[in-house]
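A short worksheet on the structure shown next.
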Amino acid sequence: IQNAGPVIMPHNELIQNWVEAGIIGLFLVCSFFTSLFLKIKNNKKDAENSVSPQTSRSSDKNIINVAYAGVGSFIAMSMVNSTLQIIPLVFMLILYAAMISSVQQPIKILFLHAYPKTNRITSVFYRTVLTLPCIYLMYFIASAACSDRLNKKSAMLRNAGNYQKALEIMPALENKISFQSDYWENYGRIYLDMGQYSKALICFEKAKKATSLPEVYSYSGICYERMNKYPQAIKEYEILTSLDPSRFIYKMALLQMYLKNRNTEKALSLASEIIHTKPKIPSDTVNSYKKICYNLLKIASQQKEKILF
């Protein structure tokens, strides 16, 4: 528990929707999954009552079985991982749900049947009202997926050192994926690598509103450090180490800021903490950090003895 890292998801879709959307969100998700599996019972009744072999073709049964297997796998995965936040998985769920619904009788909504069936204008109007939101939703999801792909392309260009080309991609994506922390983090890192620290900080502040991932605070701390604003960098690194106390590299960054800002007491206290912290996985890098802290405490002790004598 002492070295526990940041928790950004509960690895359970029901709990995540409950936390993010409350009881209403949990009810909607459960109702959607339940409605799909209630159709199994209806399928069995239809198969038992059907007289004509055309109403229960084997090909239809195979398709439905595949769809139910897909939905069942999706729900099982939702119990141990994030699924509704991953666009390709959501597309698969939509496909399976459409396959199941295609062989079912349409749901009767009272207000749709309150008008005579002969009223064609009314029928077209309500079908249009129901269809347009679905089309917009599909467009929104597809647009977000394309924008996410472009954001990853920009990140690859940044890693390759093509900062100008990477920067040219980003403005057009803001209206589509500005709600994603990955977008603002990538945007900020481009400015960070280009040395435009003020603009990078603006992007990282926007990323913080969408995520609690420690990396964003790390990049903000680096910006303040390179701008020689050590108190602000210390604040960022303190939040960073509280979010992920198991990462020695974050503690070492905070230690360096304490020393640069001449916070000797806090630096020595942190050095002692680093020495006594057990790593999750021992490594030469961690051992080198501990050695630096040992030497720091040793030097501080020697200087203290000289003052006393």
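All values below were derived from every heavy atom in this structure, side-chain atoms included, with hydrogens, water molecules and symmetry-related copies excluded. A quick note: this is a predicted structure, and the numbers were derived from the prediction, not measured.
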Approximate separation, where rounding is to 0.5 Å, of [X] [atom1] and [Y] [atom2]:
X      : Y      : atom1 : atom2 : answer
Cys293 : His276 : SG    : NE2   : 11.0 Å
Ile135 : Leu130 : CD1   : CG    : 11.0 Å
Ile274 : Met252 : CD1   : CE    : 5.5 Å
Leu255 : Phe248 : CG    : CZ    : 12.5 Å
His11  : Met77  : NE2   : CE    : 13.5 Å
Lys209 : Ser181 : NZ    : OG    : 13.5 Å

Answer yes or no: are there more than 12 heavy-atom neighbours, outside [X] itself, under 6.0 Å from its atom [atom1]?
X      : atom1 : answer
Met156 : CE    : no
Met79  : CE    : yes
Asn228 : CG    : yes
Phe179 : CZ    : yes
Ile249 : CD1   : no
Lys229 : NZ    : no
Ile24  : CD1   : no

Set of residues satisfying side-chain contact (heavy atoms from CB on, under 4.5 Å) with respect to Ser283, sequence neighbours excluded =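 By the side-chain contact (heavy atoms from CB on, under 4.5 Å) rule, Ser283 matches Thr285, Val286.
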
Do [X] and [Y] sit in the same hydrophobic cluster, where Ile, Leu, Val, Met, Phe, Trp and Tyr count as joined when their side-chain heavy atoms come under 4.5 Å apart?
X      : Y      : answer
Leu28  : Leu26  : no
Phe32  : Ile23  : yes
Leu240 : Leu192 : yes
Met257 : Met227 : yes
Tyr163 : Phe204 : no

Work out which heavy atom in [X] is nearest to a heavy atom in [Y]; give both atom names and the distance.
X      : Y      : answer
Leu296 : Ala267 : CD2-O, 4.5 Å
Gly188 : Ala200 : O-CB, 3.4 Å
Leu14  : Asn12  : N-OD1, 3.0 Å
Tyr183 : Met170 : OH-O, 2.8 Å
Tyr230 : Glu225 : CE2-O, 3.9 Å
Pro282 : Pro279 : CA-CG, 4.0 Å

[X] side chain vs [Y] backbone, donor-acceptor pair below 3.5 Å:
X      : Y      : result
Ser242 : Ile239 : yes
Ser220 : Val216 : yes
Ser147 : Ser143 : yes
Asn17  : Glu13  : yes
Asn263 : Lys266 : no
Trp184 : Ser178 : yes
Ser154 : Leu150 : no

[X] versus [Y]: any side-chain heavy-atom pair under 4.5 Å?
X      : Y      : answer
Tyr219 : Glu185 : yes
Thr264 : Leu259 : no
Glu215 : Tyr250 : yes
Thr277 : Lys251 : yes
Ile275 : Leu297 : yes
Asp244 : Ser246 : yes
Met194 : Gln164 : yes
Tyr237 : Ile234 : no

Report the C-alpha separation of Lys165 and Glu168 in whole Å, then their side-chain angles, then the decisive distance to 0.1 Å, and conclude whether the salt bridge (Lys or Arg N to Asp or Glu O under 4.0 Å) test is met.
-> CA-CA 5 Å; Lys165 289 184 178 180; Glu168 291 174 358; over 6 Å; no

Please go through Ile281's hydrophobic cluster and name the other residues, only I, L, V, M, F, W, Y counting, with side-chain heavy atoms under 4.5 Å joining them.
-> none

Basic-acidic side-chain contact under 4.0 Å: Asp193, Arg189 =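 Salt bridge flag = no for Arg189 with Asp193.
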
Could you tell me whether Glu238 and Lys235 have a side-chain N and a carboxylate O separated by less than 4.0 Å?
-> no

Checking side chain to side chain contact (heavy atoms under 4.5 Å, CB included) for the pair Glu273/Leu270: CA distance, chi angles, key distance, verdict?
-> CA-CA 5 Å; Glu273 179 184 336; Leu270 181 58; 3.9 Å; yes

Go through the steps to decide whether Phe33 and Leu93 satisfy the test side chain to side chain contact (heavy atoms under 4.5 Å, CB included), and finish with yes or no.
-> CA-CA 10 Å; Phe33 288 144; Leu93 176 63; 4.2 Å; yes

Go through the steps for Tyr224 and Leu201 under the test side chain to side chain contact (heavy atoms under 4.5 Å, CB included), then give the verdict.
-> CA-CA 8 Å; Tyr224 284 122; Leu201 285 170; 3.6 Å; yes

Go through the steps for Tyr187 and Leu167 under the test side chain to side chain contact (heavy atoms under 4.5 Å, CB included), then give the verdict.
-> CA-CA 7 Å; Tyr187 211 160; Leu167 190 61; 3.5 Å; yes

